[in-house]
Structure formats: structure tokens, C-alpha cells
Protein chains: 2
Amino acid sequence: MKESIFLDIKAKLEKRDIEELKPILEELYPADITELIDELSMEEVKAIIPAIPLKKLAYALTEFDYDVKHTILNLVKPEDLRVILDNMYADDIADFLGTLSIGKTKELLKLMRKEDAEQIHNLLGYDEDSAGGIMTTEYIAIKEGKTVGEALDIVREIAREAEMIYYIYVVNQTKQLMGVLSMRELITATPDKKIKDLIQKKVIHVRLDLDQEEVARIISKYDLLAVPVVNHQMQLLGIITVDDIIDVIEEEATEDIYKMAATSEVDFESGNNSILKAAMKRSPWLIVLLFASMLSGSVIDVFSGLLNSVVALALFMPTLAGTGGNAGTQSLAIVVRGLATGDIESKDLFMHLFNEVKVGGLVALICGSMIALVAFLWQGNYILGVVVGLAMFCNILTATFVGTTTPFILDYFGIDPAVAAGPFITTVIDASGLFIYFTLARLFLNHLT
Amino acid sequence: MKESIFLDIKAKLEKRDIEELKPILEELYPADITELIDELSMEEVKAIIPAIPLKKLAYALTEFDYDVKHTILNLVKPEDLRVILDNMYADDIADFLGTLSIGKTKELLKLMRKEDAEQIHNLLGYDEDSAGGIMTTEYIAIKEGKTVGEALDIVREIAREAEMIYYIYVVNQTKQLMGVLSMRELITATPDKKIKDLIQKKVIHVRLDLDQEEVARIISKYDLLAVPVVNHQMQLLGIITVDDIIDVIEEEATEDIYKMAATSEVDFESGNNSILKAAMKRSPWLIVLLFASMLSGSVIDVFSGLLNSVVALALFMPTLAGTGGNAGTQSLAIVVRGLATGDIESKDLFMHLFNEVKVGGLVALICGSMIALVAFLWQGNYILGVVVGLAMFCNILTATFVGTTTPFILDYFGIDPAVAAGPFITTVIDASGLFIYFTLARLFLNHLT
């Protein structure tokens with residue numbers, strides 16, 4: 001949406017020019033209406049709602065923040081609400097209702113036709129991260145016996161209702177998925193040809209309970225526009241379209257990035273209460289890590305006599321701990337991301353570890369020599385240089401090992417490897433690095449003092 | 001692909017049963033062939049290539065590793081190569097040639113029809129991260145004057161060639177984009193209706209030089225299956241399809257995660273040489289960070305007298321530095337990801353910072369009190385508790401501030417905010433945290449000893 005249109009809308013809103021707003025809003029895409037609403041104050045939202053065409057409101061509704069949704073529900077008349085629900089796809093209605101209270105959900109389901117309400121009710125029953133939770137029921141399915149001409153007539157009839165009309169699924173009497181036909185094949189075939197002679201019989205499909213991340217991997221791998229969802233009897237229950245999969249991929253990447261930073265999604269929309277909530281979401285991880293890092297404190301405590309006699313040892317503590325943590329994070333990020341995208345599989349552990357240790361060894365050699373030289377030049381004590389350099393070498397090698405194996409191990413036990421990331425690895429490596437450092441220092445103590 | 005099919009293929013390969021392999025491979029999807037090739041040794045790849053149907057090979061070719069591509073080029077006869085290229089979409093050919101040497105590229109271009117070769121040559125000229133670099137030229141464009149019936153005939157004719165037939169673009173005499181029509185609208189309209197009365201005139205489009213990440217954002221925002229690419233004269237030059245956008249989104253998320261871990265993509269495929277390359281890719285960041293962390297060493301050096309008289313201060317150094325780094329990383333991850341997905345915009349800096357500081361303040365209070373108590377109970381010195389607690393409070397607050405503002409500042413200067421992430425922020429906060437800690441300790445020195 002252009003800035004000029006936005007300013008025009010703002011100006012007309014200021015004057016509460018609802019009638020003049022209507023034609024402007026009519027021209028906007030639903031996604032632009034979402035964007036617009038995001039920029040307005042709640043007062044302005046209340047004023048603009050009556051000017052938004054119901055159909056656009058229907059498309060935009062799922063994208064709004066909770067507060068806006070609530071405001072709209074309170075402002076819009078029941079008969080308009082019915083029109084809005086009629087213009088939404090089943091998966092979007094389910095997502096929308098999923099964010100509302102049970103009372104409100106029941107109220108809205110009553111506005112819908114009985115069979116539609118039943119469908120939505122079913123969709124609401126599936127885990128929201130599963131194939132069932134993101135599928136829609138507006139697909140095109142035809143019986144095996146039809147001809148191309150008959151199939152095209154059916155498609156024409158339900159094209160307006162269906163979310164995806166470019167794949168036509170073929171089912172038998174008991175609704176079992178028998179094949180698929182693309183619109184491309186349908187329109188290029190002669191009208192009297194039998195559908196069952198054209199269909200692709202090996203249909204890529206997903207089970208109702210498959211995790212949405214796996215669904216995304218399948219759509220992405222086979223470059224599909226949609227994938228059918230079936231139950232254990234291979235009955236077709238819905239489809240998942242590529243636009244929803246894009247949202248899943250973005251969501252999962254965000255989740256991984258947040259997990260690697262030991263935090264989770266924060267929504268600042270609703271005032272001071274959310275500040276407290278955000279703090280409560282972040283603190284637990286920080287506190288766990290805080291206590292974990294006391295392990296490093298304990299290592300220092302054990303070696304405090306040594307530190308007291310060679311204070312210079314303290315100078316290299318941050319660099320040793322930091323570089324080890326960084327090297328470990330590098331190894332870890334590659335495995336975590338590789339496991340998430342499927343580029344690395346569990347069975348690759350040893351091959352990958354072998355390669356990583358070689359790379360890590362080389363990196364350790366480079367960084368070790370470098371810090372040894374710095375320590376010698378700075379403190380004029382070549383034994384200190386040897387101790388710091390050796391400690392760096394061992395530390396990076398340990399870090400590479402821990403950073404590579406930990407995500408594989410977590411993945412093996414069904415835990416998302418991203419949770420292990422950055423901060424956790426760093427804390428563990430901190431402690432082990434200091435232990436290595438002080439142990440080496442004690443070995444060479446006579447030469448250090 | 002099922003494990004049983006894979007084992008069957010392996011067994012037949014063992015016996016070099018090429019003829020028996022053909023029907024099995026005929027049944028596989030191209031994506032499964034890519035997966036299969038990934039699991040085979042180079043010897044096996046050489047043996048299996050003649051058994052793969054050329055059309056499947058065409059679809060899978062862009063996905064292979066460099067070595068495999070090279071092997072195939074050397075094994076396949078020129079006339080077969082021509083068939084393969086004929087069955088690839090222009091964007092895939094361009095991607096494929098982009099990975100080869102200039103000599104090999106020219107050789108392959110000579111195998112193609114002159115006009116196709118010219119198109120590919122043009123595509124190769126665009127920056128590979130721009131809209132031009134990822135677009136394909138196999139779209140459907142029709143003239144404004146046509147009727148629905150005529151349009152359908154055209155679509156039927158070129159349906160086999162085009163990569164995406166579900167959006168029909170309408171252009172004028174000078175190839176300027178005038179509108180778009182979906183296949184859904186085309187098949188439901190009466191055949192004698194004029195196309196120009198049906199088209200959507202405001203077409204969402206992208207310019208040739210738009211960054212691929214922005215293209216992804218537009219396709220994702222408007223839930224499109226493809227977006228047209230135009231030049232400054234609004235002439236239609238190509239389209240970008242949603243399957244390529246999924247790859248872009250995954251690639252960009254991977255890049256961000258790697259940058260946040262201060263590393264970059266590693267490809268272990270080609271032996272020891274790649275180990276050296278991988279080490280060379282990772283070491284620079286580690287070394288920069290290594291020297292940056294010497295800043296913390298210098299802070300310790302400045303306060304070494306103090307540390308010498310109160311060795312207990314050293315016990316809390318790792319916890320202070322660690323918790324500060326973690327809190328900063330949390331704030332940073334939220335901004336980096338928000339800026340990448342568009343959920344946070346540059347102009348949100350002050351609003352976001354204000355909220356973050358409130359959250360950070362609360363978190364600082366919680367963590368500060370906790371570590372103060374631990375320090376008091378462990379060392380039995382309540383002044384040490386006060387010093388450590390205060391230092392923790394100030395450190396987390398600084399970390400929140402730095403973690404929030406840095407990505408905004410980088411973004412303002414056109415630098416990808418992800419590079420600032422994790423390790424860099426942590427290193428800066430390490431040094432500032434130690435400085436705060438020792439300064440506070442010096443203030444309370446008389447009570448500490």
C-alpha cells in the first residue's frame with residue numbers, strides 16, 4: 001500500500017468520512033487492510049470497521065491481533081458476521097475460532113449452516129500443529145467414473161467455494177483417495193476421456209496427525225501447490241495449501257531462532273500486563289542459565305589459590321570462554337539447521353562429527369597459536385603463552401565435539417535440538433574450558449610464578 | 001521414498017541390472033531421485049545415470065551437488081543433453097548453468113534452440129539474489145483483445161511448456177502488463193466474454209532488481225502462486241513461482257541462523273580440500289571475536305590489583321558475563337527476526353525499545369536479587385552480595401539496550417542485522433559487564449576486604 005493512500009485514509013478517518021472511505025477500501029487487497037489496521041489506534045479501528053467491505057474483512061480477519069478481532073466481533077451485526085463467516089475458508093474459520101473463548105465460538109458456530117458448523121467443529125478438534133490442524137475442507141473431489149467434460153462441469157460449479165481448484169482429487173465410493181489430476185491435465189484432455197485413465201495413482205499425501213513441519217518439508221520437496229490429508233483408511237479429509245505452508249516455514253524458523261536465543265515469542269500489544277508476561281517468559285531460561293554458569297564460578301573457586309598466585313591467568317578467562325562458546329555455537333548452528341531442513345539426518349552423526357572435528361582441529365590450531373603469541377607478547381612469559389594456547393586448542397576441540405553431538409542426541413530423544421543452542425552450549429563450554437585452563441596452568445605452575 | 005524401494009534399487013545396482021532399474025526409477029518422483037543420488041557413492045551414481053529417464057533427470061538436475069552434475073555432463077550424450085535441457089524450465093537451466101564454468105555453459109547453450117539460448121543468456125545476466133535471477137520466462141501472456149474462448153485455446157496450447165498456467169497475464173502491444181486473470185476465473189466465465197472485461201487491473205508485481213527476500217515477502221503477504229516481474233517500462237519479463245519462493249524463505253532463514261552463530265554454509269562433499277575451506281570460512285569470525293574479547297582481558301588487567309585483593313570477585317565473572325550476554329541475545333533475536341519477517345519496522349525502534357527496557361528492567365531485578373542472595377549465602381559477605389546484584393542489574397539493562405538498538409542501527413545503514421548477533425553482542429556485553437562490576441566493587445572496596 002502506498003504512503004499517499006494511507007495518508008488519504010487517515011485524513012478521511014479524522015473527519016469520520018465513512019462513505020468516502022468505502023471506495024478506497026474496496027480497492028485494497030485484504031493483506032493491505034491487515035497492514036492498515038495494524039497502524040491505526042483502537043479508536044480509529046472502531047471508526048473504520050463499518051467502511052470495510054465484508055468480503056475483505058472476511059479474508060483479513062484471521063490476521064488481526066486479538067484485540068482487533070474482539071472489537072470487530074462486538075461491532076459487527078450478527079447478519080453481517082454470518083456473511084463474513086460464509087466468505088472465509090474452513091481452515092481460516094477454525095484458526096479464528098481457535099483464538100476465541102468457548103462461549104464466543106459456540107455463538108459463532110450457531111450462525112453457520114449446520115453442516116459447515118460441524119466441519120469446523122471437527123477441524124477444531126485436531127492438534128493445531130498437525131496436518132489436521134492446518135488443513136481446509138474446501139477441496140475438489142470427484143468420483144472415479146466421470147469423464148473429463150463432467151469433471152470440468154463440477155469444477156466450474158464449485159470453483160468459487162474451493163480454496164484450491166488446481167488439483168482435482170479422485171475418490172471412490174468410500175471416499176478413499178484413488179488419484180489426483182492437475183487442472184493442467186484436465187483442460188488439455190479431450191472432454192470424453194475417462195478420468196480414471198488420466199489420473200496419477202501414486203498420490204503424495206499426508207496423515208492427519210503428521211507434524212506441520214513434516215508437511216512443509218513434503219510440499220517443499222515435491223514443489224506442490226497443495227497436499228491431500230488422509231486418515232488411516234486412506235479417506236480424503238482435507239487439503240493443505242502452499243500459502244499456509246509458507247506461514248508454517250516462517251513460524252518454525254522464528255521458533256528455532258528464538259529457541260537458539262533461549263527466548264520465546266513476545267507480543268507487546270496489550271499494555272503493562274504483557275510486560276510482566278514477557279518478563280515471565282524470558283526469566284526462567286535466564287535463571288536456569290544463571291545457576292548453570294555458577295558451575296564456572298565453582299571451577300574458579302576450586303582453583304582460587306592458583307588464581308591468587310598468578311593473577312595474569314584471569315586476563316585470558318573471557319577470551320578462552322568466549323572463543324570456545326563461539327566455536328561450539330558454529331558447529332551447533334549447522335547441525336540444528338541441517339536437522340530442521342532435512343539436509344542432515346540422524347544417521348549422519350559420525351560422518352558429520354568426523355568432518356567437524358577435522359575442521360575444529362584446524363580452527364583450534366589457528367586460534368591456539370594466535371592467543372599463545374598474544375599472551376607471550378603481552379605478559380612476556382612464554383610458559384603462559386603455552387598454557388593459554390594449549391587451553392584454547394583443547395577448548396575449541398571440546399566445543400566442536402559438544403556442539404556437534406548435543407543436537408543429534410536431543411533429536412534422537414525427540415527433543416527439538418534448537419533448545420540446546422547458543423546459551424546452553426556456551427554455559428557448558430565455559431565451565432569445561434576454565435577447568436582445562438586451570439588444570440594446564442597447575443601443571444606448569446612452577447614456570448609461571 | 002520407502003526404505004524397501006531403496007534397498008531394492010541398491011541390490012539391482014550391485015548386479016548392474018540397468019534394464020531392471022528403469023521401470024523402478026520411472027515410478028519415482030524427481031525429488032526422490034535427488035534423494036537417492038545423495039545416498040549413492042560416485043561409482044553407483046555413474047552406474048545408475050543411464051537408467052534414469054531423461055525427463056526425471058531434467059527435473060532433478062538443479063538439485064544435485066556439483067560433483068554429480070559434473071559426472072552427469074560427462075556421461076550423457078549430447079543428443080540426450082539436448083532432451084534434458086528441453087525438459088527443464090528456463091529458471092532451472094539458468095541456475096544449473098550458473099554453477100558451471102563459462103566454457104561448459106557456452107557449450108550447453110549451443111545445444112539449445114537459438115531463442116531459448118538467448119533467453120537463458122539474459123537470465124544469467126541478472127544478480128542471482130534478485131527477482132530477475134530467480135524468475136522464469138515460461139509464463140502465459142495473452143493480448144487484451146482476446147475472448148475467454150480464445151484465451152483458453154492459447155492456454156491449452158502452451159500449457160505443457162509453461163511453468164505456471166494458473167495465472168494468465170494480459171499484455172498490450174508493447175508487452176506492458178495490463179492485468180491478470182486466474183484460471184479459476186477463466187474456466188468459470190462464458191467463452192464469448194472479452195478478457196479485458198474480466199481482468200484484475202491492479203496487478204501485484206515486482207521489479208527486476210528487487211531483492212529475493214522482498215519478493216518472498218510479497219508472495220507470502222498476498223498468498224500468491226506466482227508474481228510477475230517487470231522492468232521500469234512495466235514490460236512483463238518473467239514470473240516467480242511459489243515453489244522457488246519457499247526455497248528462498250528457507251535459504252534466508254538458514255543464512256540468518258548461521259550469521260547469528262557467526263558462521264556460514266559449509267559443504268563437506270569434496271574431501272580434504274573442503275575441510276580447509278570450511279576452517280577458512282569459520283576462523284576469521286572467531287579470530288575477530290577472539291581479539292574483541294581481549295577487551296574484557298584488558299578490563300581485568302586494569303582492575304587486577306582489585307582482583308588480587310578480593311579473589312572472590314572472580315567467582316561471579318562468568319555468571320555476570322554469561323547472563324548479560326544471554327539477556328542481550330534474547331532482545332536481539334526478537335528484533336533480528338522481526339525485521340526479517342517484517343513484523344518489526346525501522347520506525348518501531350523507540351516504541352520497541354521502551355517496551356524492551358521495561359521487560360529488561362523487570363528481568364534485571366529478578367536476576368539481580370537472585371545472584372545477590374547466592375553471593376551472600378556462598379561467601380557470607382552481604383556487601384559482596386550487593387555489589388554482584390547491582391552489577392547484574394546494570395549489566396542486564398545495558399545488554400537489553402545494546403541488544404535492541406544494535407540491529408536497528410545496522411538495518412538503518414543497510415547492513416543485515418543478523419551479523420550483529422549472538423557472539424558479537426555477547427563479546428561487547430562481556431567487557432562492559434566486567435567494567436561495571438569492578439567499578440562497583442572498587443566503590444565498596446573497604447567493605448569487601
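These values consider heavy atoms only, across backbone and side chains, with no hydrogens, waters or symmetry-generated copies. Keep in mind the model is a prediction, meaning the values are calculated, not measured. Reminder, nothing fancy here: chain letters follow the sequence lines and each chain counts from 1.
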Novice: Is the shortest heavy-atom distance from the side chain of A:Val242 to the side chain of B:Ile246 under 4.5 Å?
Specialist: yes

Novice: Taking side chain as C-beta onward, heavy atoms only, is B:Glu250 less than 4.5 Å from A:Glu250?
Specialist: no

Novice: Is the shortest heavy-atom distance from the side chain of B:Tyr166 to the side chain of A:Ile165 under 4.5 Å?
Specialist: no

Novice: Determine the option with the most heavy-atom pairs under 4.5 angstrom with chain B, choosing from A:Thr319, A:Asp223, A:Val299.
Specialist: A:Thr319

Novice: Over 60° means perpendicular and under 30° means parallel, so classify the ring planes of A:Tyr29 and B:Tyr222, tilted if in between.
Specialist: perpendicular

Novice: Taking every heavy-atom pair that is under 4.5 Å apart, which of B:Lys202, B:Glu63, B:Met392 has the most such pairs with chain A?
Specialist: B:Lys202

Novice: Please rank A:Ala292, A:Ser331, A:Gly297 by heavy-atom pairs under 4.5 Å with chain B and give me the top one.
Specialist: A:Gly297

Novice: Which one wins on heavy-atom pair count under 4.5 Å against chain A: B:Leu307, B:Asp430, B:Ile204?
Specialist: B:Ile204

Novice: Roughly how far, to the nearest 0.5 Å, is the CG atom of B:Leu362 from the OG atom of A:Ser283?
Specialist: 6.5 Å

Novice: Side chain, backbone, both or neither: which part of B:Ile187 has a heavy atom under 4.5 Å from chain A?
Specialist: both

Novice: Contact part of B:Phe316 toward chain A, heavy-atom cut-off under 4.5 Å: side chain, backbone, both or neither?
Specialist: side chain

Novice: Should A:Lys347 and B:Glu39 count as an ion pair when the cut-off is N to O under 4.0 Å?
Specialist: yes

Novice: With chain B, which of A:Met317, A:Met294, A:Glu35, A:Glu252 has the greatest number of heavy-atom pairs at distances under 4.5 Å?
Specialist: A:Met294

Novice: Heavy-atom distance under 4.5 Å to chain B: side chain of A:Leu225, backbone, both or neither?
Specialist: side chain

Novice: For the candidates A:Ala162, A:Ser182, A:Pro318, A:Ala431, which exhibits the highest count of non-hydrogen atom pairs separated by less than 4.5 Å from chain B?
Specialist: A:Pro318

Novice: Is any side-chain heavy atom of B:Asp301 closer than 4.5 Å to a side-chain heavy atom of A:Trp378?
Specialist: yes

Novice: Counting only heavy atoms from other residues, nucleotides and ligands, does the tally under 6.0 Å from CD of A:Glu157 exceed 12?
Specialist: no

Novice: Relative to chain A, which segment of B:Ile366 carries a heavy atom at a distance below 4.5 Å: side chain, backbone, both, or neither?
Specialist: side chain

Novice: Is B:Val311 in contact with chain A via its backbone, its side chain, both, or neither, using a 4.5 Å heavy-atom distance?
Specialist: side chain

Novice: Given that the side chain runs from C-beta out, which part of B:Ser304 has a heavy atom under 4.5 Å from chain A: side chain, backbone, both or neither?
Specialist: both

Novice: Name the region of B:Thr241, side chain, backbone, both or neither, that has any atom closer than 4.5 Å to a heavy atom of chain A.
Specialist: neither

Novice: Below 4.5 Å, heavy atoms only, C-beta onward: do A:Val336 and B:Ile257 meet side chain to side chain?
Specialist: no

Novice: A:Lys221, A:Arg184, A:Glu185, A:Arg156: which one forms the most heavy-atom pairs within less than 4.5 Å of chain B?
Specialist: A:Arg184

Novice: Examine whether an atom of B:Leu434 lies under 4.5 Å from a heavy atom of chain A, and if so say whether it belongs to the side chain, the backbone or both; otherwise answer neither.
Specialist: side chain

Novice: Heavy-atom pairs under 4.5 Å with chain B - which of A:Pro30, A:Gly338, A:Ala216, A:Cys367 has more of them than the others?
Specialist: A:Cys367

Novice: So for B:Ala327, is it side chain, backbone, both, or neither that comes closer than 4.5 Å to the heavy atoms of chain A?
Specialist: both

Novice: Mind checking the CG-CD1 spacing from A:Asn326 to B:Ile287? Nearest 0.5 Å is all I need.
Specialist: 12.0 Å

Novice: Is any side-chain heavy atom of B:Val374 closer than 4.5 Å to one of A:Phe291?
Specialist: yes

